[in-house]
Amino acid sequence: ERTIERYRPVQSASSARDALSVALNEKGRIDWARMQELTGQTPDELRAELGPLVFENPSGRQWEPADEYLSGNVRKKLAEAQAAARVNPRYLRNVKALAACQPEDLRPEEIDARLGSSWISKDDVRQFLADVLEVNPNRVHVGHSEALGSWTVQIGENSVANTKTWGTERFTGDRLIEDALNLRNPTAYDRVSDDQVVVNEQQTLAAREMQQQIKDRFKQWVWEHPERAERLAGFYNEEFNNLRLR
């Protein structure tokens, strides 16, 4: 005998909320025609009854359940809703709901700023080199390939800060910074014969300790200037601290 009954589609729903559940279960999306069939109510009547349970996404003009619309990149969605509301006031409800679920902004001291971070521009890195190595910013060139994730550093003049303060016997400060940008640890080698080289542990240790000091200095430098701190923290929150779980 048959032990599992054949699926029978739901014939009616007593409320817009129940009709919404049926439509999501059957089709995975809001289907106003199906919900109207279940309740006998018009789409406008259904939307009025559902209220904050559904939202019209201005990007694509599709209706979505609240848990779907008020999740994901909510900062981007808020900007889209604000732009749409300036044209059509019906999206003001979207703006209000999205504004209430924005992630709390991280403060500068809560953000890990390291040399080579993708959200810190090459202009900021160039200014760091100029400030720390005490050279003219116009003589500093910083290149960054996003496709390869690689950095290049060149300075057109030398300084005591580059060779002594932030450099070691084998490595200048700009070279240590370039290695840090590319996530490389400096290693010093000695040639003992034509075809053999060995690691100079003392010089390698000195270079790596100096590189760590430069990394620590960068984390301080990033947030020292109020304008730069506000700009970078704002960019970080906008681009990386923007998600809300469904």
> Hey, can you tell me if F240 and Y236 have their rings parallel, tilted or perpendicular (30° and 60° cut-offs)?
tilted
> Check whether more than 12 heavy atoms from other residues, nucleotides or ligands sit under 6.0 Å from atom NZ of K76, and answer yes or no.
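Counting other residues, nucleotides and ligands, NZ of K76 stays at 12 neighbours or fewer.
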> Any side-chain to backbone donor/acceptor pair from T39 onto Q41? Under 3.5 Å, distance only.
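The answer is yes, because a donor-acceptor pair under 3.5 Å joins these two groups.
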> Distance-only, no hydrogens or angles: does the E227 side chain make a donor-acceptor pair with backbone N or O of H225 under 3.5 Å?
no
> Flag the pair E178 / T152 as yes when at least one side-chain heavy-atom distance between them is below 4.5 Å, and no otherwise.
yes
> Could you give all pairs that pass the ring pair (Phe, Tyr, Trp, His ring centres under 6.0 Å) test and reach residues 12-55, with sequence neighbours left out?
W32-W63, F55-Y69
> In plain terms, say whether E37 and R34 are close enough for a salt bridge, that is, a side-chain N and a carboxylate O under 4.0 Å apart.
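The answer is yes: the pair qualifies as a salt bridge.
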> Charged N to carboxylate O under 4.0 angstrom, K77 versus E80?
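E80 and K77: not salt-bridged.
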> Does E230 have more than 12 heavy atoms from other residues, nucleotides or ligands lying within 6.0 Å of its CD?
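Count not over threshold, so no.
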> Going by heavy atoms in the side chains, are D124 and L232 under 4.5 Å from each other?
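SC-SC contact between D124 and L232 confirmed.
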> Hey, does the side chain of N88 reach the backbone of A84 with a donor-acceptor pair shorter than 3.5 angstrom?
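No: the side chain of N88 does not pair with the backbone of A84.
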> Check the side chains of S121 and D123 for a donor-acceptor pair under 3.5 angstrom, ignoring hydrogens and angles.
no
> Please determine if D131 and R126 form a salt bridge, counting it only when a charged side-chain N lies under 4.0 Å from a carboxylate O.
no
> Quick check for you: to the nearest 0.5 Å, what is the distance between D174 atom CG and I214 atom CD1?
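With rounding to 0.5 Å, CG (D174) is 9.0 Å from CD1 (I214).
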> Following the transitive rule for hydrophobic clusters with a side-chain heavy-atom cut-off under 4.5 Å over Ile, Leu, Val, Met, Phe, Trp and Tyr, establish whether W151 and V135 coincide in one cluster.
yes
> Please tell me whether I177 and V222 are part of a single hydrophobic cluster in this structure, the criterion being side-chain heavy atoms less than 4.5 Å apart.
yes
> Looking at E56 and R93, is any side-chain nitrogen of the basic one under 4.0 Å from a carboxylate oxygen of the acidic one?
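Answer for the salt bridge query: no.
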> Report the distance from atom CG of L38 to atom OG of S14, rounding to the nearest 0.5 Å.
10.5 Å
> Stepwise, does the side-chain contact (heavy atoms from CB on, under 4.5 Å) test hold for L115 with Q211?
CA-CA 11 Å; L115 274 170; Q211 187 188 62; over 6 Å; no
> I'd like to know if the side chain of T168 and the backbone of F171 have a donor-acceptor N/O pair within less than 3.5 Å.
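Side chain of T168 to backbone of F171, a donor-acceptor pair under 3.5 Å: yes, one is there.
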> For the pair D105 and R75, find out whether any cationic side-chain nitrogen is under 4.0 Å from an anionic carboxylate oxygen.
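Yes, D105 and R75 are salt-bridged.
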> Donor-acceptor check, side chain of R228 to backbone of W221, threshold 3.5 angstrom: yes or no?
yes
> Answer yes or no: is there a side-chain heavy-atom contact under 4.5 Å between L243 and V74?
no
> State whether the side chain of E110 and the backbone N or O of R107 hold a donor-acceptor pair below 3.5 Å, judged by distance alone.
yes
> Just distance, no hydrogens or angles: give the donor-acceptor pairs under 3.5 Å from side chains in residues 197-205, sequence neighbours left out.
{"from": "N200", "atom 1": "OD1", "to": "Q202", "atom 2": "N", "distance (Å)": "3.2"}
{"from": "N200", "atom 1": "OD1", "to": "Q203", "atom 2": "N", "distance (Å)": "3.0"}
{"from": "N200", "atom 1": "ND2", "to": "D190", "atom 2": "OD2", "distance (Å)": "2.8"}
{"from": "Q203", "atom 1": "NE2", "to": "E169", "atom 2": "OE1", "distance (Å)": "3.2"}
{"from": "T204", "atom 1": "OG1", "to": "A188", "atom 2": "N", "distance (Å)": "2.9"}
{"from": "T204", "atom 1": "OG1", "to": "A188", "atom 2": "O", "distance (Å)": "3.4"}
{"from": "T204", "atom 1": "OG1", "to": "N200", "atom 2": "O", "distance (Å)": "2.8"}

> When you group the ILVMFWY residues by side-chain heavy-atom contacts below 4.5 Å and let the links chain together, are L20 and V22 in the same group?
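No.
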> Share the residues that join I4 in a hydrophobic cluster, the rule being Ile, Leu, Val, Met, Phe, Trp or Tyr side chains under 4.5 Å apart at the heavy-atom level.
none
> How long is the gap from CD1 on I111 to CG on N241, to the nearest 0.5 Å?
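So the CD1 of I111 and the CG of N241 are separated by 8.0 Å.
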> Could you tell me whether the side chain of L70 reaches within less than 4.5 Å of the side chain of L98, counting heavy atoms only?
yes
> With distance as the sole test, does R175 use its side chain to make a donor-acceptor pair with the main-chain N or O of P186 at under 3.5 Å?
no
> Give me the atom names and distance for the closest heavy-atom approach of A113 to K219.
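In terms of heavy atoms, the two residues are closest at O-CG, 2.9 Å.
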> Check whether any side-chain N or O of Q82 sits under 3.5 Å from a backbone N or O of V95 as a donor-acceptor pair, and report yes or no.
no
> Hey, are the side chains of W166 and Q213 touching, using non-hydrogen atoms and a 4.5 Å cut-off?
yes
> What I want to check is whether the side chains of Q212 and D216 have a donor and an acceptor closer together than 3.5 Å.
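Side chains of Q212 and D216: pair found under 3.5 Å.
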> Is there a path of hydrophobic side-chain contacts, each under 4.5 Å between heavy atoms of I/L/V/M/F/W/Y residues, joining L176 to I155?
yes
> Consider only side-chain N and O atoms of N57 and Q62, and report whether a donor and an acceptor are under 3.5 Å apart.
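No - no donor-acceptor pair under 3.5 Å links their side chains.
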> Please answer whether the main-chain N or O of G156 pairs with a side-chain N or O of R139 as donor and acceptor at a distance below 3.5 Å.
yes
> Between N162 and N158 (side chain of the first, backbone of the second, donor and acceptor by atom type, cut-off under 3.5 Å), is there such a pair?
no
> CD of E146: more than 12 outside heavy atoms within 6.0 angstrom?
no
> Closest heavy-atom contact between A85 and L92?
CB-CD2, 3.8 Å
> Does the side chain of L183 reach to within under 4.5 Å of the side chain of R114, using non-hydrogen atoms?
yes
> Check whether any side-chain heavy atom of I30 sits under 4.5 Å from a side-chain heavy atom of V54, and report yes or no.
yes
> Quick check: are there more than 12 heavy atoms from other residues, nucleotides or ligands sitting under 6.0 Å from CZ of R184?
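Yes - once you tally the heavy atoms of other residues, nucleotides and ligands closer than 6.0 Å, there are more than 12.
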> Could you tell me whether E104 atom CD has more than 12 heavy atoms of other residues or ligands within 6.0 Å of it?
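At most 12 heavy atoms, drawn from other residues, nucleotides or ligands, come within 6.0 Å of this atom.
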> Side-chain contact, heavy-atom cut-off 4.5 Å: E157 with N136?
yes
